[in-house]
**Q** 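I have a structure here, written as structure tokens, and I will follow up with some questions on it.
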Amino acid sequence: MSSSSSTFAPFRHTAFRTLWSATVVSNFGGLVQAVSAAWLMTQLTTNATLIALVQASNTLPIMLFALVSGALADNFDRRHIMLGAIAFMSFMSALLALFTWQGGITPWLLLGFTFLIGMGQALYNPPWQASVGDLVPREDLPQAVTLNSVGFNLMRSIGPAAGGLIVATLGAAVGFLVNALSYVPLIFAMLRWRPDYPKRTVAREPFVAAVGAGLRYVALSPNLVRVLTRSATFGLTAASLLALLPLVAKSHPEGGSLLFGVLLGCFGAGAIIGALTNTRIREKMNNEWVVRGGMIIFAVSLAVLGLTDSIWAHALAMFPAGMAWVLTLSLFNVTVQLSTPRWVVARALALYQTATFGGMAMGAWLWGAVAQASGHQYALTAAAVGLIGAAAIGLAMPMPEFSQSDLSPANRFREPVLGLDLRGRSGPIMVMVDYHIAPEDTEQFLTLMIKRRDIRRRDGARSWVLLRDLERPDYWSESYHIATWDDYIRHNTRRTMTDIGVTEALRNLHRDEGDPVVHRLIERQNVASHADVPLRGKIDVP
């Protein structure tokens with residue numbers, strides 16, 4: 001295997017290596033905190049729903065706020081956003097440690113603190129995931145995502161056990177303090193990192209418009225819709241394991257926080273195996289079979305946890321569950337990143353995380369309620385059946401293969417010289433493009449215009465239509481609207497090298513000399529509303 005395809009190839013890049021190492025330390029603290037919170041809840045209450053909601057309180061904020069973070073990450077300095085999120089999580093963890101140390105913690109207060117820490121994670125995740133593409137070249141991106149999984153699950157193999165030991169010997173407050181301190185190396189690594197972001201050539205997109213652009217791009221990208229659907233169903237069913245694992249550990253007479261940590265450690269060890277074998281497995285299987293196989297393996301592990309009472313059987317079942325977890329989620333993540341251009345990648349990843357963690361939050365609540373009513377064994381078994389159903393969705397919505405499209409910016413647009421003095425917010429703008437197409441090329445032209453329509457709409461165009469001249473049937477006009485002149489500039493700078501292929505093909509079909517003629521028009525708002533009222537006098541141009 002060449003170095004470019006080696007699992008460890010991203011370590012050649014100093015910035016990635018430094019941030020990866022600091023993130024591993026932070027992951028350790030986060031896992032210690034998770035074990036401390038989950039086990040502390042079992043000491044505060046016996047209500048299975050509240051115990052399962054500890055997992056939901058970590059994942060629900062990602063569902064609620066990830067898209068906000070993604071929109072910010074695509075429009076502002078990602079490094080600054082991540083630094084703010086890290087500082088916030090460190091402060092909240094320290095405050096949680098203080099409340100716990102003073103004996104003032106209650107079940108709902110614990111859920112509130114974990115929710116706030118989850119908010120910080122929701123703010124941090126999209127810019128961090130998007131920054132992986134800034135740290136390594138495209139050919140190393142799948143390996144970089146895999147190494148992030150390795151780092152997290154390396155800590156998952158020791159962090160939970162360490163967390164269980166800390167809780168058992170020193171108390172949950174110390175576990176929360178460990179998490180607060182674990183962010184310090186990551187803060188220093190972020191301060192030393194100096195990313196070379198491309199220079200902004202167009203005005204920053206307004207926040208609400210940026211959120212809408214992310215939603216629109218994903219909604220008009222069939223491959224991304226498939227990934228989000230599959231990840232949501234996986235999260236909904238697979239969340240049962242981590243949500244109900246404290247109850248599994250507590251059900252054993254010799255169980256305790258240490259056993260809970262050991263079971264999570266087995267899960268983490270299996271995840272490391274999955275991460276290290278990820279590349280080889282993807283070489284031998286297509287993406288759909290990796291996801292489908294991962295879901296089936298995870299379902300078998302859930303069934304073992306639900307149908308047996310043996311500690312050893314439970315520990316062994318956690319290994320394949322961890323392996324399946326990493327194989328499935330890392331494939332979702334890489335597919336999203338390789339299917340999305342850089343201008344919207346943070347928002348696409350945020351929507352992926354919204355779907356995945358939203359499914360997990362709903363699943364944690366659902367399976368917690370089922371466990372409260374019928375017992376955790378029944379809930380885990382039912383979740384296993386549901387996960388088989390989630391795998392069957394692949395028959396109708398198979399996972400796409402990794403995109404080979406060149407999604408780098410085309411950088412061919414040159415802002416036209418205008419006869420009017422427009423401001424960036426001037427609009428609405430109407431654009432018309434004229435084509436002269438020979439009759440024998442009409443079918444090919446219409447096929448290309450379907451692709452052109454999807455590209456235009458995906459990149460921000462509204463009310464796209466294709467018009468044919470009734471008097472000269474060989475002449476066609478493509479028409480669409482853009483809200484403002486700034487939006488029109490953004491629309492054109494979003495074009496990728498793959499999109500240029502459609503443009504070139506249309507240019508080759510155009511029969512007149514030169515390129516198709518482009519008309520850029522601004523709509524007037526002071527025209528009389530009645531069509532039968534003639535225009536009189538001079539109309540001032542804007």
Side-chain angles (χ1 to χ4, degrees), residues 15-16 19-20 22-23 26 59 61-89 117-136 138 141 144-145 148 152 183 186-187 189-191 193-219 221 224 227-228 231 332-358 407-409 458-460 486-487 490 493-494 496:
F16 177 83
L19 285 168
W20 184 90
T23 300
S26 175
T59 54
I62 298 176
M63 181 188 76
L64 296 177
F65 303 113
L67 182 56
V68 172
S69 175
L72 294 173
D74 279 329
N75 281 281
F76 294 91
D77 190 313
R78 292 170 185 161
R79 174 173 161 270
H80 290 163
I81 295 171
M82 289 186 284
L83 277 169
I86 295 166
F88 177 78
M89 288 187 287
I117 295 171
M119 281 181 58
Q121 198 66 45
L123 184 63
Y124 177 81
N125 279 347
W128 166 243
Q129 295 291 338
S131 294
V132 176
D134 300 322
L135 293 166
V136 300
R138 179 181 174 86
L141 187 58
V145 172
N148 281 338
F152 180 78
Y183 293 110
L186 188 54
I187 291 174
M190 284 286 176
L191 290 172
W193 179 39
R194 292 292 184 269
D196 185 20
Y197 294 128
K199 185 178 180 181
R200 183 175 294 277
T201 58
V202 66
R204 184 173 284 113
E205 194 170 12
F207 175 74
V208 174
V211 171
L215 289 168
R216 180 179 58 247
Y217 187 92
V218 171
S221 302
L224 294 180
V227 175
L228 266 61
S231 66
F332 290 149
N333 188 304
V334 173
T335 304
V336 171
Q337 295 216 40
L338 294 181
S339 301
T340 312
R342 298 302 299 169
W343 70 266
V344 74
V345 67
R347 280 166 281 185
L349 284 166
L351 285 168
Y352 154 67
Q353 292 182 356
T354 298
T356 305
F357 288 98
L407 299 179
S408 58
R458 186 195 63 200
D459 290 349
D486 275 346
D487 289 324
R490 273 190 288 269
T493 56
R494 289 168 177 172
T496 67

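Numbers for residues simply follow the sequence, beginning at 1. Because only heavy atoms are used, hydrogens play no part in the values below, and waters and symmetry mates are left out as well, while side chains stay in.
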**Q** Residues in side chain to side chain donor-acceptor pair (under 3.5 Å) with Thr496, at least two apart?
**A**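 Testing Thr496 for side chain to side chain donor-acceptor pair (under 3.5 Å), a comparison that skips the adjacent residues, returns Asp499.
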
**Q** Does Gln129 form a side chain to side chain contact (heavy atoms under 4.5 Å, CB included) with Tyr352? I'd like the steps, not just the answer.
**A** CA-CA 11 Å; Gln129 295 291 338; Tyr352 154 67; over 6 Å; no

**Q** Heavy atoms, side chains only, cut-off 4.5 Å: are Pro409 and Pro341 in contact?
**A** no

**Q** Under 3.5 Å, side chain of Arg342 to main-chain N/O of Ala130, donor-acceptor pair present?
**A** yes

**Q** Would you name the heavy atoms of Thr354 and Ala66 that are closest together and state the gap between them?
**A** OG1-CB, 3.6 Å

**Q** Can the ring centres of Trp343 and Tyr217 be said to be less than 6.0 Å apart?
**A**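 Yes.
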
**Q** Would you give the length of the straight line joining atom CG of Leu123 to atom CZ of Phe88, rounded to the nearest 0.5 angstrom?
**A** 9.0 Å

**Q** Quick check for you: to the nearest 0.5 Å, what is the distance between Trp128 atom CH2 and Thr23 atom OG1?
**A** 4.5 Å

**Q** Write down the atom of Leu186, the atom of Ala22, and the distance for their closest heavy-atom approach.
**A**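 Looking at all heavy atoms of both residues, the shortest contact is CA-CB, 3.7 Å.
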
**Q** To the nearest 0.5 angstrom, please state how far the OG atom of Ser131 sits from the CD1 atom of Ile81.
**A** 9.0 Å

**Q** Any donor and acceptor pair, going by atom type alone, linking the side chain of Thr340 with main-chain N or O of Gln337 inside 3.5 Å?
**A** no

**Q** Atom CG in Leu224, atom OG1 in Thr335: separation rounded to 0.5 Å?
**A**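 Going from CG on Leu224 over to OG1 on Thr335, the span is 9.0 Å.
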
**Q** Heavy atoms only: give me the nearest Arg216-Asp459 pair and the separation to one decimal.
**A** NH2-C, 4.3 Å

**Q** In Å, rounded to the nearest 0.5 Å, how long is the span from CD of Gln353 to CG of Leu351?
**A**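 One gets 10.0 Å once the value is rounded to the nearest 0.5 Å.
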
**Q** Once rounded to the nearest 0.5 Å, what's the spacing between atom CD1 of Ile62 and atom OG1 of Thr356?
**A** 9.5 Å

**Q** Could you tell me whether a side-chain N or O of Arg347 sits under 3.5 Å from a main-chain N or O of Val211, the two making a donor and an acceptor?
**A**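 It does not hold such a pair.
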
**Q** Side-chain donor-acceptor pair under 3.5 Å between Gln121 and Asn125, yes or no?
**A**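 Asn125 and Gln121 do have a side-chain donor-acceptor pair below 3.5 Å.
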
**Q** What pair of heavy atoms forms the shortest contact from Ala355 to Ser231, and how long is it?
**A**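 Answer, listing the atom of Ala355 first, then Ser231: CB-OG, 3.9 Å.
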
**Q** Between Asn75 and Glu205 (side chain of the first, backbone of the second, donor and acceptor by atom type, cut-off under 3.5 Å), is there such a pair?
**A** yes

**Q** Does Thr493 reach the main-chain N or O of Arg490 with its side chain, forming a donor-acceptor pair under 3.5 Å?
**A**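 Yes.
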
**Q** Go through Leu135 and Trp20 one step at a time and tell me if the side chain to side chain contact (heavy atoms under 4.5 Å, CB included) criterion holds.
**A** CA-CA 10 Å; Leu135 293 166; Trp20 184 90; over 6 Å; no

**Q** Considering non-hydrogen atoms only, spot the tightest contact between Met89 and Tyr124 and give its length.
**A**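 So the two residues come closest at CE-CB, 4.2 Å.
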
**Q** Any non-hydrogen side-chain atom of Leu141 less than 4.5 Å from a side-chain atom of Val132?
**A**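 Result yes, sub-4.5 Å side-chain heavy-atom pair found.
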
**Q** Using only atom types and a distance under 3.5 Å, with no angle test, would you say the side chain of Arg79 pairs donor to acceptor with the backbone of Met190?
**A** yes

**Q** Under 4.0 Å between a Lys/Arg side-chain N and an Asp/Glu carboxylate O for Asp134 and Arg78?
**A**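 Yes.
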
**Q** Mind listing the closest non-hydrogen atom pair of Tyr183 and Ile86 along with its distance?
**A** CB-CG2, 3.6 Å

